[in-house]
Number of protein chains: 2
Amino acid sequence: MARTNTRFVEAHNELLTLCDKMEIGDFLPSENALSSQLGVSRTVIRSALARLDELAIIALDGREKIIKRRSAKDDRLDGPPVLLGIEELESRFLDWVLRMDVPPGTVLNVAQLSKDFSVATHTLQEFFSSLSRFGIVVRRPRGGWVLHGFTKNYAVELSDFRTVLELNSVRHLATLPPEHDIWARLDDLEQEHLSLLERIDEDFHDFSPLDEKFHAAINSVVTNRFVKEFQKIISLVFHYHFQWNKTHERDRNEDAIREHLTLIEALRSRDADKAEAAARRHLATSKQTLLTSLETNRHAT
Amino acid sequence: MARTNTRFVEAHNELLTLCDKMEIGDFLPSENALSSQLGVSRTVIRSALARLDELAIIALDGREKIIKRRSAKDDRLDGPPVLLGIEELESRFLDWVLRMDVPPGTVLNVAQLSKDFSVATHTLQEFFSSLSRFGIVVRRPRGGWVLHGFTKNYAVELSDFRTVLELNSVRHLATLPPEHDIWARLDDLEQEHLSLLERIDEDFHDFSPLDEKFHAAINSVVTNRFVKEFQKIISLVFHYHFQWNKTHERDRNEDAIREHLTLIEALRSRDADKAEAAARRHLATSKQTLLTSLETNRHAT
DNA sequence: CGTATGTTTATTATTATTAAAGACAGTGAG
DNA sequence: CTCACTGTCTTTAATAATAATAAACATACG
């Protein structure tokens, strides 16, 4: 019970390799030095040293920590299974929703999911709480969580919000000086789009990552933590749903590529109005595709 | 240890009053009926009934639950102290940051705060996790939280984000038909502004709530959960900092009132460009005020 | 045969407990 | 003396254990 002693085990083993690197009879550095070297607190170092003393690998005598013998395989400790942190959890959870096609309204079982994802239940709770800010999950009155996002209404509002943010990026981008990095990136992206267009019949599946890359590039010119935070959610939801909707995928993607190219063209001409119009057109198409995909999948409420 | 039995205690007491309302010798309804009536699970009802049986207030005999006697004062149970939920916590926490003038970089002590706010530590953790989406607090590498928001950079990015959202609202508002509610609300707000302007020398403190009301009205025309979520954070941070900055408060507020009036005027003329320009000017002033207030308070990084 | 109850299982919210971090004070070598 | 080092103690956060609850299932009664 209580927290895992991963840090202790790791420090202990690291200390072993450290001893083996030194000569028998040498003195180990001070506890303070060791703690800052291994990046753990002195408390951990002291417990590890105490164990090494017990194993007679070192001899503690006041300030002196004399190395007495080499370490054996058995001296090393096995730590508990490492649990994932909250960052890894995010992508794993969203991937799960995506792949398993979890419908809105599903009750999320914290105990079960924590096993599946091998995280502490506690970590999942926190994670859900943070997602609840975006309404993707909501807390039920008496405990428990429900997957709530990914409904039609949600999609509409998210699309609209995306449009507001991205039009702002586009307007800003059109005013940037020619020496800005973005122009080179746009040139590269243009090449990638043209190349994909040539082999669209076979490789239309490759559009999705390219789409994400393109929109990420556009938004990268605005350095704003709120925009970036939303970008993550937005790109997730869009690509999630696009994977569902397999109807006319080839044609949709071809159209989208052409819209992207038009936007790049307009941006390069530095005509803000033209660029905005092109962006607006493309975002409207995206929104429509998203809504269609919702209807064909009957996940809407 | 483990969770509180609040639900049991409450159901138990409710059941007592229910019995007292009926005649001695009557039969209580079925467990299912009671559970749906009191809004708790059958398990809770069964535990409560079992206790009432022990106290000889009712007699359980197969399906029959016969009322045997009236309840006494002592039969009622006292529940544990009620802990606050996560919603109440939000306002209490933000209020604490505001009043105590907690500087950025402060390490937030979950154990201590959970006592102060009388919530479970667990609840605080979840709450911080949700705030971390907006960067107001951030998680430290090995556990713990730091108050991170409310720095200069944060303020700049928040202002910019606010501008993007609010200009969008303004553009939208200018296109609304005359029969829309918003026009009447704007008329009312105009009167309130004019009235405050007349007595500005004495009542300039009254501007802050009016400002919030005005901006809330503008944004109310966009029904989007993301916009609304942000509105909450934005209005908090702005009014938080404005309370700090007492320099030239009267003049600042008078200027802001005039800017509001100009914006109302422009909106009513349905000239989108004019309205946008007026809004942009006002938001720029707001941003400047926010930055100034940060510098005078030396909380910036 | 349907409704009510008895029983079991699953799941969550919360506490108790331990690991780790950090503070403080004492100690001894230079 | 003093400064780095160690011993001890306090505080804090992460996790396991646990009680409360919900829900599912099985059984019995009318």
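Every chain is numbered from 1 and lettered A, B, ... according to where its sequence line falls, protein lines coming before strand lines.
- Considering only side-chain N and O atoms, B:K65 lies under 4.0 angstrom from the phosphate OP1 or OP2 of C:dT5.
- As rounded to whole Å, 15 Å separates atom P of C:dT12 from atom CZ of B:R7.
- Remark: P of C:dT15 and CD of B:Q125 are 14 Å apart, rounded to the nearest angstrom.
- Partners of A:R63 under the side-chain hydrogen bond (donor to acceptor under 3.5 Å, both in side chains) rule, at least two apart in sequence or in another chain, do not exist in this structure.
- Rounded to whole angstrom, the span from the CH2 atom of B:W145 across to the C1' atom of D:dA14 amounts to 13 Å.
- Within residues 10-38 of chain B, the residues approached by DNA chain C to less than 4.0 Å at the level of any non-hydrogen atom are B:S30, B:E31, B:N32, in residue-number order.
- In this structure, of C:dA21, D:dT21, C:dA13, it is D:dT21 that holds the atom nearest to the side chain of B:N5.
- The residue among B:G144 and B:V44 whose nearest nucleotide of DNA chain D is located toward the 5' end is B:G144.
- Note that CZ of B:F8 is 9.0 Å distant from CG of B:N13, once rounded to the nearest 0.5 Å.
- Rounded to the nearest 0.5 Å, atoms OG1 (A:T121) and CD (A:Q112) are 12.5 Å apart.
- Among B:L15, B:I66, B:L49, the one residue that satisfies the side-chain contact (heavy atoms from CB on, under 4.5 Å) test with B:I58 is B:L49.
- For the pair B:R3 and D:dT21, the criterion of a side-chain N or O lying under 4.0 Å from OP1 or OP2 is not met.
- Among the heavy atoms of the strands, none lies under 4.0 Å from A:S47.
- In this structure, B:L49 places its CG atom 16 Å from C1' of C:dT7, rounding to the nearest Å.
- Computed from coordinates, the A:R140 CZ to D:dA22 C1' distance equals 9 Å when rounded to whole Å.
- Separating the CG atom of B:L124 from the P atom of C:dT14 is a distance of 13 Å, rounded to the nearest angstrom.
- To the nearest 0.5 Å, atoms OG (A:S130) and CD (B:E126) are separated by 10.0 Å.
- Phosphate proximity of C:dA20 to A:T43: absent, as no side-chain N or O sits under 4.0 Å from OP1 or OP2.
- DNA chain C lies under 4.0 Å from at least one heavy atom of each of the following residues of residues 107-122 of chain A: A:L108, A:N109, A:V110, A:A111.
- To the nearest angstrom, P of C:dA21 lies 10 Å from CD1 of A:I45.
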Reading 5' to 3' through nucleotides 25-30 of chain C, protein heavy-atom contacts under 4.0 Å coded B for base, S for sugar-phosphate only, - for none: --B---

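- Among residue pairs with one or both ends in residues 47-61 of chain A, those qualifying as side-chain hydrogen bond (donor to acceptor under 3.5 Å, both in side chains) are A:H12-A:R51; sequence neighbours excluded.
- Counting non-hydrogen atoms of neighbouring residues, nucleotides and ligands closer than 6.0 angstrom, the CD atom of B:E23 reaches no more than 12 such neighbours.
- Salt bridge A:R69/A:D20: absent, no basic N to carboxylate O contact under 4.0 Å.
- Taking atom CG of A:D61 as the reference point, atom P of D:dC5 lies 17 Å away to the nearest angstrom.
- Considering only residues two or more places apart in sequence or on other chains, B:F161 meets the ring pair (Phe, Tyr, Trp, His ring centres under 6.0 Å) condition with A:F226, B:F230.
- A:R46 has no side-chain polar atom (N or O) that falls below the 4.0 Å cut-off from OP1 or OP2 of D:dT6.
- Within the 3.5 Å criterion, the main-chain N or O of A:A33 finds a donor-acceptor partner in the side chain of A:S30.
- Distance alone, capped at 3.5 Å, is enough to place a donor-acceptor pair between the A:E157 side chain and the B:R225 backbone.
- Distance check, rounded to the nearest 0.5 Å: CZ of A:F93 to CZ of A:F128 gives 4.5 Å.
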